[in-house]
Amino acid sequence: MFNFDYFNPTKILFGRDRLSELSCEIPSDGRIMLVYGQGSAVRSGLIDRIRDILGDRIVGEFFGIEANPRFNTLMEGVDRIDVCGADFLLAVGGGSVMDGTKFMALASQYEGDDLLSFLKSYSLGSCVETALPLGVVCTLPATGSEMNCGGVISHEDGKFYFSSPLVYPRFAFLDPTLTFTLPREQVANGVVDAFVHIIEGYVTKNVEARFQDRACEGLLRTLIEVGKKSMDNPEDYDARANLVWCSTMALNGMLAVGTPEDWRGHMLGHQLTASFGFDHGKSLAVVMPALWSVARDEKRAKILQFGERVFDIVGAASDEDETIDRIIDRLREFFESLEVKTSFSDYDMGQAEVEVILAGLAKYGQGDPSFNRCVLELAI
Ligand code: NZQ
Ligand code: ZN
């Protein structure tokens with residue numbers, strides 16, 4: 001196991017009927033700006049409930065943040081912070097709203113005019129020295145943004161990751177009942193995203209990190225148990241509660257400590273979204289089976305371990321490649337059991353679209369071009 005530091009300051013308030021405690025989590029003289037998306041939190045009545053709880057401590061609202069939040073939209077939010085004089089941001093929504101709020105918390109404190117170039121060179125976190133404090137009410141189990149310090153912002157034909165310890169949420173309300181209104185498709189996207197967060201940390205190289213491996217395997221098996229169940233029974237509290245907590249644990253930094261990670265699946269998936277508007281979870285389901293097939297030699301031992309401990313697939317030692325093919329087929333079947341497609345052709349896309357994605361990756365210097373090509377062509 002490698003040396004590591006682990007730090008996570010986000011307070012989790014998990015469970016139903018906790019929202020009234022919002023009042024205690026934000027300073028009593030806090031000047032709060034509420035941040036939300038394109039209407040789901042209004043339609044569910046959540047925004048009204050929060051307005052009732054926080055009263056005139058809310059000095060402004062910024063809403064309309066789109067899925068895969070865009071730089072230009074968020075800069076309007078930064079202007080709103082200045083106008084209303086907020087000193088605390090409360091994000092109410094899924095990964096897009098939470099990431100957008102983190103970005104605004106940083107951008108609102110930055111004086112220079114080169115924010116976009118820092119974002120596009122993946123160095124936003126290092127150019128900003130302060131940030132507004134923020135908290136979240138998470139309505140979509142998927143990204144883990146509620147308990148990590150990262151975010152992903154779109155601009156033109158690119159999607160850019162940033163991270164800064166300044167934007168760990170101070171607190172995260174995780175009430176599974178707030179996710180009951182999610183469309184079936186978004187639940188499926190969330191299961192795939194959380195699953196892939198775990199495997200991008202776990203299916204790399206064996207460094208004898210036994211607790212981390214077992215923790216990953218437990219979470220993966222739990223996601224398999226509750227994923228479809230949660231889609232089919234949206235108000236099954238226990239299934240949803242497990243999905244919510246697994247999604248948070250999948251990317252709060254704890255699982256991957258002391259181990260090598262490989263985020264090439266996300267790098268490729270982000271470009272599918274940037275070029276063709278794929279939902280984040282859907283992009284990963286297209287990329288990951290092909291990526292494992294192409295990277296099978298470097299990931300061999302961990303793919304076999306995953307197959308045995310997560311899918312109960314054990315093959316003959318004499319034919320590892322056949323076993324790996326079965327494991328990859330099962331991975332594909334798992335995503336498809338959630339009604340998420342696993343190849344470009346399922347979306348009526350082919351070589352021409354792959355070329356566009358490759359051009360986007362090359363434009364932003366993402367990854368090894370020949371590896372990218374092998375994976376994306378295999379995903380057709
Ligand atoms: O905008 P509203 O109206 O709220 O609707 C949203 C949106 O249309 C809707 N929704 C959210 N909660 C709901 C709901 N609808 C009904 N009931 C609810 N309770 O769901 C739609 C998708 O929301 P979005 O926030 O875009 O989805 P998700 O949580 O999957 O976030 C995706 C974004 O997070 C980034 C992705 O790249 C993408 O931009 N990620 C962030 C990460 C991080 N911060 O660590 C890691 C991830 O790998 C990921 O890259
Ligand atoms: Zn993800």
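As a basis for the values below, the full set of heavy atoms in this structure was taken, side chains included, without hydrogen atoms, waters or symmetry mates. All ligand and atom numbering here is 1-based and tracks the order in the structure. Residues: numbered from 1 along the sequence shown.
- The Zn ion (ligand 2) forms the vertex of an angle spanning NE2 of His197 and NE2 of His280; to the nearest 10 degrees it equals 170°.
- In this structure, the protein non-hydrogen atom closest to atom 8 (O) of ligand 1 is Gln186 NE2, 4.8 Å.
- Side-chain rings of Tyr122 and Phe160 approach one another, their centers coming within less than 6.0 Å.
- Using a non-hydrogen distance threshold of 4.0 Å, Gly144 does not register as a contact of ligand 1.
- Cation-pi geometry between Lys120 and Tyr364 is not satisfied (NZ or CZ under 6.0 Å from the ring centre, within 45° of the ring normal).
- Side-chain atoms of Thr10 come within 3.5 Å of backbone atoms of Pro169 as a donor-acceptor pair (strictly under, hydrogens ignored).
- The shortest separation from a heavy atom of Ser44 to ligand 1 is not under 4.0 Å, leaving the residue out of contact.
- Under 4.0 Å is where a charged nitrogen must lie from a carboxylate oxygen, and between Lys205 and Asp262 no such pair does.
- The protein heavy-atom contact nearest to atom 13 (C) of ligand 1 is Leu182 CD2, 3.3 Å.
- The protein heavy-atom contact nearest to atom 25 (O) of ligand 1 is Ser96 N, 2.9 Å.
- What sits closest to atom 10 (N) of ligand 1 on the protein, heavy atoms only, is Ser40 OG, 3.7 Å.
- Under a 4.0 Å N-O distance rule, the pair Glu298/Arg264 qualifies as a salt bridge.
- Between the side chains of Asp346 and Ser343, at least one donor-acceptor pair of N or O atoms lies under 3.5 Å.
- Separation of the Phe173 and Phe171 ring centroids falls under the 6.0 Å cut-off.
- Among Val196, Thr143, Asn252, the residue whose heavy atom lies nearest to atom 46 (C) of ligand 1 is Thr143.
- Distance from atom 29 (O) of ligand 1 to its nearest protein heavy atom, with residue and atom name: Gly95 N, 2.7 Å.
- Electrostatic pairing of Arg300 and Asp297 counts as a salt bridge here, judged by a charged N lying under 4.0 Å from a carboxylate O.
- Using a cut-off of 4.0 Å between Lys/Arg side-chain N and Asp/Glu carboxylate O, Lys302 and Asp213 are scored as salt-bridged.
- Checked against the 6.0 Å centroid threshold, Phe334 and Phe195 count as a close aromatic pair.
- Under 4.0 Å from ligand 1, the heavy atoms of His270 that appear belong solely to its side chain.
- Scanning Glu185, His197, Glu146 for the heavy atom closest to atom 48 (O) of ligand 1 points to His197.
- Shown in contact with Leu178 at under 4.0 Å from a heavy atom are these atoms of ligand 1, numbered in order with element: 19 (N).
- The atoms of ligand 1 that sit less than 4.0 Å from any heavy atom of Pro69 are 39 (O).
- For the pair Gly269 and ligand 1, no heavy-atom separation below 4.0 Å is found.
- Salt-bridge formation is detected for the pair Glu61/Arg51: a Lys NZ or Arg NE/NH1/NH2 atom is positioned less than 4.0 Å from an Asp or Glu carboxylate oxygen.
- When non-hydrogen atoms are compared, ligand 1 lies under 4.0 Å from the side chain of Pro183 (C-beta onward) but not from its backbone.
- Ligand 1 has at least one atom lying under 4.0 Å from a heavy atom of Asn148.
- Salt bridge absent: Arg326 and Glu333 never bring a charged side-chain N and a carboxylate O closer than 4.0 Å.
- Close approach of ligand 1 to His266 (heavy-atom distance below 4.0 Å) involves ligand atoms 48 (O).
- You'll find the side chain of Ile199 reaches within 4.5 Å of the side chain of Met288, heavy atoms only.
- Residue-level check: among N/O/S atoms of Asp193, OD1 sits closest to the Zn ion (ligand 2).
- Note: an N/O pair closer than 3.5 Å links Gly39 and ligand 1 by distance alone.
- Tracing side-chain contacts under 4.5 Å through hydrophobic residues (I, L, V, M, F, W, Y), one never reaches Val59 starting from Phe63; they form parts of separate clusters.
- Atom 37 (O) of ligand 1 has Lys159 NZ, 2.6 Å as its closest protein atom, hydrogens excluded (heavy atom only).
- Interface of Gln38 with ligand 1, defined as ligand atoms under 4.0 Å from a residue heavy atom, comprises 1 (O), 2 (P), 3 (O), 4 (O).
- Per-residue contacts place Ala67 under 4.0 angstrom from the following atoms of ligand 1 (heavy atoms of the residue considered): 26 (O).
- Regarding atom 41 (C) of ligand 1, its nearest protein heavy-atom neighbour is Asp99 OD2, 3.0 Å.
- Protein heavy atom closest to atom 23 (O) of ligand 1, with residue, atom name and distance, is Leu140 CD1, 3.4 Å.
- Close approach to Gly150 involves these atoms of ligand 1, each under 4.0 Å from a residue heavy atom: 44 (N).
- Only the side chain of Leu251 comes within 4.0 Å of ligand 1, counting heavy atoms alone; its backbone N, CA, C and O stay farther away.
- Two residues are said to be in side-chain contact when any heavy atoms from C-beta on lie closer than 4.5 Å; Phe162 and Leu106 meet this criterion.
- Aromatic pair Tyr36/Phe62: centroids not less than 6.0 angstrom apart.
- Within ligand 1, counting atoms from 1 as listed, the ones closer than 4.0 Å to a heavy atom of Gly37 are 1 (O).
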